[in-house]
Amino acid sequence: MPHLINIQNLTKQEIMSILTKASEYLYIDNKTKKINYNHTKELDNKTVYNLFYEPSTRTRVSFELAAKNLGGRVINIDVALSSVKKGESLKDTVLTLKAMHSDVIIIRHSEDETAAFIADICNDYPTIINAGNGVTTHPTQALLDLFTILKHKPNIEDIQVSIVGDILHSRVASSLITALKKLNCKKIHVIGPEILLPESKLHFGENVSIYDNLKDGLQDSDVIVCLRLQKERMMHTLILNEEEYLHTYGITSKSIKYAKPDAIVMHPGPINRNIEISSEIADGKQSVILEQVTYGVAIRMAILALYA
Ligand code: CP
């Protein structure tokens, strides 16, 4: 497994191997009674470069922590202070890091296919990991989302997962849908205003139904995945009144009642409180948003251990 470019390229067995390995890094600390991470030396003498052309908190920090938990060295490249600002191309930046004996380059970029492009440049070495590219791929997020879903709803083939909000600009949505289908989840709903949905009802293929209202879309849901309005990726100015959006498409104490009473609420983060989700729900007992963050480190440990 030289590179991790997208979910599409993974088999169900490969996905399950990553999830199983991630669970091996987690334990409950006797003192704090909280989840903690095992430390190993699987990345001993290996160097991981975090190359993020877009802002990130969760993904960048969790990859750094994951690499350090495995005994690796981590270099965070501050793109704003790098020679990118002097006009250096992505190709030349990557070849420069390769020449410095990097073992892994973790890449976040606003353009789709960037990870695939640099994997082609690098050939077999160093390992390239996609940390979110454009509007189509965020494989490590999809894996941590699957891990979280399986913790709460192990019967994934029979549950209904509803993904709500800015579907059109969401690499989280497209990667998670691909991952859910790989695990034979048969009831996937995507819900949002028409302007934030793909044009074709057939866009996501079989097992995916598209709704423009929460009442129908959330009916019988076991899992609600709430998405941020990704204004930075919107090509045109969308006139969306945020108060109205919360009322119509937000996950609130009113709208959550459309789903099953034991539905879990997920969000990849960062959350915009009282725009796509009310604080009451984000901090409420059905929310597993911070669990996703905790599991994200274990997933990234597994990926680094298996791919580096
Ligand atoms: N979910 C996610 O990718 O968050 P960050 O942008 O903070 O990494």
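Keep in mind it's a predicted model, so treat the numbers as computed, not measured. Order of listing sets the numbers, starting from 1, for every ligand and every atom in it. Sequence positions, counted from 1, serve as the residue numbers for this chain.
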Can you find an N/O atom of Gly269 closer than 3.5 Å to an N/O atom of ligand 1? yes

Atom indices of ligand 1 within 4.0 angstrom of Gln141 heavy atoms, with elements: 1 (N), 2 (C)

Is His138 in polar range of ligand 1, meaning some N or O pair under 3.5 Å apart? yes

Taking all non-hydrogen atoms of both residues into account, name the closest pair between Pro193 and Gly165 and its distance. CD-O, 4.3 Å

Is the backbone of Ile303 close enough, under 3.5 Å, to the side chain of Lys21 for a donor and an acceptor to pair up by distance? no

For atom 7 (O) of ligand 1, the closest protein heavy atom turns out to be Thr57 N, 2.8 Å

Which residue owns the protein heavy atom closest to atom 1 (N) of ligand 1, what's the atom, and how far is it? Pro268 O, 2.9 Å

Ring pair (Phe, Tyr, Trp, His ring centres under 6.0 Å): which pairs involve residues 48-82, sequence neighbours left out? Tyr53-His109

Tightest non-hydrogen contact, residues Leu304 and Leu43, listed as O-CD1, 3.7 Å

Residue set satisfying side chain to side chain contact (heavy atoms under 4.5 Å, CB included) with Asp29, at least two apart, ordered chain then number -> Tyr27, Lys31, Thr32, Asn36

Students should be able to answer this: which protein heavy-atom is nearest to atom 6 (O) of ligand 1, and at what distance? Arg108 NH1, 2.8 Å

Exactly one of Val225, Val208, Asn207 clears side chain to side chain contact (heavy atoms under 4.5 Å, CB included) with Ile177, and that residue is Val208

for atom 4 (O) of ligand 1, nearest protein heavy atom and its distance come out as Arg58 NE, 3.1 Å

Hey, does Glu54 sit under 4.0 Å from ligand 1 if you only count heavy atoms? no

